[in-house]
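I have placed the structure first, in the form of structure tokens, so that the comments after it can refer back to it.
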Amino acid sequence: MSHILQALQHFQLTPWKIVGFAGTLMFTSRWFVQLYYTRKYKRVVMPLAFWVLSVCGSMLLLAYFIAGKNDSVGILSNFFPVFVSVYNLIVHLRHRKNAITGDATV
């Protein structure tokens with residue numbers, strides 16, 4: 001516990017930490033967006049905002065861990081979610097476009 005308190009006493013806010021905190025905030029806030037829409041529609045819903053926040057949050061965290069911290073654990077833990085989130089965002093946008101145009105989805 002003293003290690004944590006000592007780290008907090010010597011905390012310095014750097015530009016890269018701001019990037020990391022912004023990424024964490026975006027990545028975490030997506031669950032509140034999902035919860036809101038699920039409660040609103042009374043079924044599980046993954047809105048477009050969820051995927052946008054996922055992509056942006058993952059990209060910011062990846063940038064923080066690559067350039068700001070050079071931490072291999074952080075890089076690996078955020079590398080895969082970027083691709084999954086981008087893929088799901090593309091699928092979501094295609095489905096939305098097809099629903100608007102009336103095209104069949106394959």
Plane angle bin for Tyr37 and Tyr41 - parallel if under 30°, tilted between 30 and 60°, otherwise perpendicular: parallel
Shared hydrophobic cluster for Phe50 and Leu93 (ILVMFWY, side-chain gaps under 4.5 Å): yes
Reported CG-to-CG distance for the pair Leu48 and Leu89, which is rounded to 0.5 angstrom: 6.0 Å
Val44 versus Gln34, closest heavy-atom pair with distance: CG1-NE2, 3.7 Å
Gap between atom CG of Asp71 and atom CZ of Phe65 - 0.5 Å precision: 5.5 Å
NE2 on His92 to CD1 on Ile90, rounded to 0.5 Å: 13.0 Å
No-hydrogen, no-angle side-chain donor-acceptor test under 3.5 Å, Ser2 and Gln6: no
Tyr87 reachable from Leu62 in the ILVMFWY side-chain graph, under 4.5 Å edges: no
Under 3.5 Å donor-acceptor, Arg94 side chain and Val91 backbone: no
Straight-line distance of Lys17 NZ to Gln12 CD, nearest 0.5 Å: 7.0 Å
Pairwise side-chain contact, Val55 with Val82, heavy-atom cut-off 4.5 Å (strictly under): no
Geometric class of the Phe11/Phe21 ring pair [parallel <30°, tilted 30-60°, perpendicular >60°]: tilted
Hydrophobic cluster membership, Phe79 vs Val84, 4.5 Å side-chain cutoff: no
Which atom of Gly23 lies closest to which atom of Leu61, heavy atoms considered: C-CG, 3.8 Å
Heavy-atom pair of closest approach, residues Trp16 and Gly68: CG-CA, 3.4 Å
Flag side-chain contact, heavy atom, 4.5 Å: Met59 against Asn78: no
Identified side-chain contact (heavy atoms from CB on, under 4.5 Å) partner of Val33 from the options Thr38, Leu53, Val45, Val52: Leu53
Nearest-0.5 Å distance that lies between atom CD1 in Ile18 and atom CG in Leu25: 13.0 Å
Spatial distance of atom SG (Cys56) from atom CH2 (Trp51) [nearest 0.5 Å]: 13.5 Å
